[in-house]
Protein chains: 2
Amino acid sequence: MKKIVVVEDENRLRENIIEILQMEGYETFAASNGKEGLHEIKKNNPDIILCDIKMNDYDGYWLINELSKSEKFLNIPFIYISAKVDRIDIRNGMSLGADDYITKPFTRAELVSAINIRLKRKEDFIKNIDDSETITPIVAAQVREQIKNLTSSEKRILKLITENRTSQDIAAELFISIKTVDNHRSNIAHKLQIKGHLSLLKYCLNYKSIINEFEK
Amino acid sequence: MKKIVVVEDENRLRENIIEILQMEGYETFAASNGKEGLHEIKKNNPDIILCDIKMNDYDGYWLINELSKSEKFLNIPFIYISAKVDRIDIRNGMSLGADDYITKPFTRAELVSAINIRLKRKEDFIKNIDDSETITPIVAAQVREQIKNLTSSEKRILKLITENRTSQDIAAELFISIKTVDNHRSNIAHKLQIKGHLSLLKYCLNYKSIINEFEK
DNA sequence: TCATAAATAGGTATTAATACTCATATAGTA
DNA sequence: TACTATATGAGTATTAATACCTATTTATGA
C-alpha cells in the first residue's frame, strides 16, 4: 500500500484530501504544518508527499528546505498545493526542488490524477516498463475516426460492451431484442473492419479509454 | 496530430528522438539550438517542447527565459533533457519554469512515457476526465495478490490471453494441447475467483497493465 | 516412501458471440 | 415520389470459451 504524507493547515481541506486518498487505497499520514509533516515523513518514509505551499508557520517552503538537507528524502516525489494558477508563482515551489503541483481549488480527479501519474512515472523509471500496451496517438486517431462513423445506437451499444455487459444484458437495459443488439454488433464489426470470434469484445476492452471519450 | 518541437544540438540524438516521436504519431519540428527552437515554436505553436538544457549556444536556459517573456508560451509543457541524474542540477531547469525533465541516457520508453504523461495530464486538467476506468491502488493490490498465487504455467498463459491470443493460438505457441490450455484457463479462473462466460478474457484485458508487471 | 502440487491431456455439454440472410417500419433526402 | 440510412427483429449455423469430469506423469517435500 502506497503511503502519502499530507501537509495542509486548513482542517476542512486536509480532511477532504485524506478521505479521497483513503478511498483510493492509499495509506495517509496527516500533518497541519511543515514541522509535523517532517516528523511524519521521517517516521513513515512515504512514497509521496503532498504539501500546501502557504501555511501560517513552518510552511511548504520551510519543509522543502528541510527535506533538501538530506539525500534520503530527495527521492520522494513532492507535490505541492498552490493557491494561484500563475506560472510565475508556481516557480517558487519548483525552484526549491518540488516535482509537481496542483492549484487550488482542485477537483477530486485532479488530485488523484496528479498523484497517480507521479507514482506511475516513478515506477516507469525504476522498472523501465515497456509501454507496448500504450495506445499511441496514431492508433488513437484511427480508432476515433472509425467510431465517428457509427450511428448513435451503435455507439451506445459499443459503450455498454466496454462495461463488460453481455448482449442479453444490453438488450434488457435498452428494452430491445437480443437479436437487435447482435445485429448492431455485426454492423459495428463491419464498420470497424474487424472480424472473428470475440474480436469486437477485445476491441472494446482494448480501446476502452478512447470509446469513453465519446458522449453518453 | 500533436506537435512537438525538439531542440537538441547533438545531431545523432536529435535524429533518434525525432524518429521515435514520428513513429509514435507526433508531428515533429527539429532545432539544433535555442534560437532555432524559438523560431519553430513561434511558427508552429506546438503542444509540447522537448529541449536539451546544455547546448553550445542559445541553450535550454536561454530558451526557457525567452519563452517566459510571453504569456502565450507559458502554457506549452516544457520538458528538458539533462545530462545529470543529480536532483540539485535538475532544479536549475525546474526553477526556470520547466514542467518536467528526462535524464540522459534515456530509453525510448522513458521518452515516450514522459511526453505521453505530460500531454495526458494536460488533457486531464482541461477535460477533467472521470477516472472511473482507472484501476485504483486498492484494486491493483488485490489483483497482484491473486496473480501471485498462480503457477508459472498459469501466469504464462494469462499473459498470452492479455495479448488477445486464443486457446488454439496459445496451444500452438507452447507446443501443448488445446485441452491443456483450457484446463489451465479453468484453474486460473478458480484461483482468481471468477466464473462465467468470457470472464477470464475480460479480466485479462481489464487488468492487462497489472498482469504485465509480472516477469515473462 | 508417501503425499501433494503441477503440468499434461481427453470427454461431453453448455453458453455467448459471431456470420450470414432476410424482413419491416420509419425518418430524412434527392 | 423514390431512395437511403437507421433501428428493429428473426432464423440458422458455427466458433471459442467455459463447466465439470477423469486420468497420467513428474517433481518436490515431509
Side-chain angles (χ1 to χ4, degrees), chain A residues 143-208 211 214-216, chain B residues 143-208 211 214-216:
Chain A
V143 171
R144 276 185 207 101
E145 261 325 294
Q146 289 183 309
I147 296 173
K148 270 183 199 161
N149 293 326
L150 300 181
T151 67
S152 57
S153 296
E154 286 165 352
K155 271 186 265 192
R156 197 182 317 130
I157 287 172
L158 200 71
K159 288 177 81 71
L160 289 168
I161 298 172
T162 65
E163 293 170 12
N164 284 333
R165 315 279 291 266
T166 63
S167 291
Q168 194 177 5
D169 196 14
I170 294 169
E173 164 102 13
L174 304 179
F175 299 105
I176 54 177
S177 160
I178 297 178
K179 289 309 294 183
T180 304
V181 176
D182 281 340
N183 285 337
H184 280 308
R185 291 181 86 124
S186 286
N187 294 332
I188 293 168
H190 275 118
K191 288 190 185 175
L192 300 182
Q193 295 168 305
I194 53 177
K195 52 183 170 181
H197 203 245
L198 309 184
S199 59
L200 181 56
L201 176 63
K202 290 173 179 178
Y203 184 100
C204 286
L205 294 179
N206 279 126
Y207 299 126
K208 189 186 282 196
I211 292 167
F214 290 80
E215 75 290 339
K216 291 168 187 175
Chain B
V143 171
R144 275 187 207 100
E145 260 326 294
Q146 289 183 309
I147 297 173
K148 267 182 200 160
N149 292 326
L150 300 181
T151 68
S152 57
S153 296
E154 287 165 351
K155 271 186 264 191
R156 197 183 316 130
I157 287 172
L158 201 71
K159 289 178 80 71
L160 289 168
I161 297 172
T162 65
E163 293 170 12
N164 285 332
R165 314 279 292 266
T166 63
S167 290
Q168 194 178 4
D169 196 14
I170 294 169
E173 164 101 13
L174 304 179
F175 300 105
I176 55 177
S177 160
I178 297 178
K179 286 310 294 183
T180 305
V181 176
D182 281 340
N183 285 336
H184 280 308
R185 291 181 85 125
S186 286
N187 295 333
I188 293 168
H190 276 117
K191 289 190 185 175
L192 301 182
Q193 294 168 303
I194 52 177
K195 53 183 168 181
H197 203 244
L198 309 185
S199 60
L200 181 57
L201 175 63
K202 289 172 180 178
Y203 185 99
C204 287
L205 295 179
N206 279 126
Y207 300 125
K208 189 185 282 194
I211 292 167
F214 289 81
E215 75 292 338
K216 291 166 186 175

K.L.:
Output the rounded distance in Å from OH (B/Tyr203) to C1' (D/dA17).
P.N.:
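Taking OH of B/Tyr203 and C1' of D/dA17, I get 18 Å after rounding.
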K.L.:
Spell out yes or no: do the side chain of B/Asp182 and the base of D/dA17 have one donor N/O and one acceptor N/O closer than 3.5 Å?
P.N.:
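Counting by modelled atom types and ignoring angles, no donor-acceptor contact under 3.5 Å is found here.
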K.L.:
Nearest to the side chain of B/Ser153 - D/dT6, C/dA7, D/dA7?
P.N.:
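Of D/dT6, C/dA7, D/dA7, C/dA7 is nearest to the side chain of B/Ser153.
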K.L.:
Classify the side chain of B/Lys179 and the base of C/dT12 as holding, or not holding, a donor-acceptor pair under 3.5 Å.
P.N.:
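Counting by modelled atom types and ignoring angles, a donor-acceptor contact under 3.5 Å is found here.
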K.L.:
From the set C/dT15, D/dG9, C/dT8, return the single nucleotide nearest to any side-chain atom of B/His197.
P.N.:
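For the B/His197 side chain, the nearest candidate turns out to be C/dT15.
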K.L.:
Could you check A/Ile157, A/Leu205, A/Leu192 and say which one makes a side-chain contact (heavy atoms from CB on, under 4.5 Å) with A/Leu200?
P.N.:
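Exactly one pass, corresponding to A/Leu192.
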K.L.:
A/Thr151 side chain: which of D/dA7, C/dA6, C/dA19 is closest?
P.N.:
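Closest nucleotide to the A/Thr151 side chain: D/dA7.
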K.L.:
A/His184 has an atom NE2; how far is it from atom C1' of C/dA19, in whole Å?
P.N.:
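So the two atoms are 17 Å apart, to the nearest Å.
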K.L.:
Measure the spacing between CZ of B/Arg144 and CD1 of B/Ile147 and express it to the nearest 0.5 Å.
P.N.:
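Here the rounded value is 8.5 Å.
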K.L.:
Using a cut-off of less than 4.0 Å, is there contact between a side-chain N or O of A/Thr180 and OP1 or OP2 of D/dT8?
P.N.:
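For A/Thr180, the contact criterion (side-chain N or O under 4.0 Å from OP1 or OP2 of D/dT8) is not met.
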K.L.:
Both B/Glu154 and B/Ile178 contact DNA chain C. Which one's nearest nucleotide lies toward the 5' end?
P.N.:
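Nearer the 5' end of the strand: B/Glu154.
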K.L.:
Using a heavy-atom cut-off of under 4.0 Å over every strand shown, decide if A/Leu201 touches base, sugar-phosphate, or nothing.
P.N.:
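The residue A/Leu201 makes sugar-phosphate contact but no base contact.
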K.L.:
Which nucleotide in the list C/dA7, D/dA17, C/dT8 gets nearest to the side chain of B/Ser152?
P.N.:
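Closest nucleotide to the B/Ser152 side chain: C/dA7.
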K.L.:
Looking at every non-hydrogen atom in both residues, tell me the closest pair between B/Thr166 and A/Lys202 and how far apart they are.
P.N.:
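Nearest pair, atom of B/Thr166 first, then A/Lys202: CG2-NZ, 4.1 Å.
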K.L.:
What is the separation between atom CD1 on B/Ile194 and atom P on D/dT18, rounded to the nearest whole Å?
P.N.:
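Atom CD1 in B/Ile194 sits about 8 Å away from atom P in D/dT18.
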K.L.:
Does a distance-only test, which skips hydrogens and angles, find a donor-acceptor pair under 3.5 Å between the side chain of A/Asn183 and the base of D/dA10?
P.N.:
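When only heavy-atom distances are counted, A/Asn183 does reach the base of D/dA10 through a donor-acceptor pair under 3.5 Å.
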K.L.:
Measure CD1/A/Ile188 against P/D/dT6 and give the value in whole Å, please.
P.N.:
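It is 13 Å, rounded to the nearest whole Å.
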K.L.:
Please classify the nucleic acid contact of B/Leu200 as base, sugar-phosphate, or nothing, using heavy-atom distances under 4.0 Å.
P.N.:
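B/Leu200: backbone/sugar contact only, no base atoms under 4.0 Å.
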K.L.:
Report the distance from atom NE2 of B/His190 to atom P of D/dC21, rounded to the nearest whole Å.
P.N.:
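That distance rounds to 9 Å.
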K.L.:
What's the shortest heavy-atom distance between A/Cys204 and A/Ile161, and which atoms?
P.N.:
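Nearest heavy atoms, A/Cys204 then A/Ile161: SG-CG2, 3.6 Å.
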K.L.:
Testing the 3.5 Å rule here: is there a donor-acceptor pair between the side chains of B/Tyr203 and B/Gln146?
P.N.:
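Yes - a donor-acceptor pair under 3.5 Å links their side chains.
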K.L.:
Which of these passes side chain to side chain donor-acceptor pair (under 3.5 Å) with B/Glu173: B/Gln168, B/Arg165, B/Arg156?
P.N.:
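The option that passes is B/Arg165.
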K.L.:
So with a 6.0 Å cut-off around NZ of B/Lys195, is the heavy-atom count from everything else above 12?
P.N.:
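Not buried by this count: 12 neighbours or fewer within 6.0 Å.
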K.L.:
Starting at the 5' end of DNA chain C and moving along, which residue's nearest nucleotide shows up first, B/Ser177 or A/Leu198?
P.N.:
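Per heavy-atom nearest nucleotide, the more 5' residue is B/Ser177.
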K.L.:
For residues 165-173 of chain A, which residues have at least one heavy atom under 4.0 Å from DNA chain D?
P.N.:
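Result for residues 165-173 of chain A: none.
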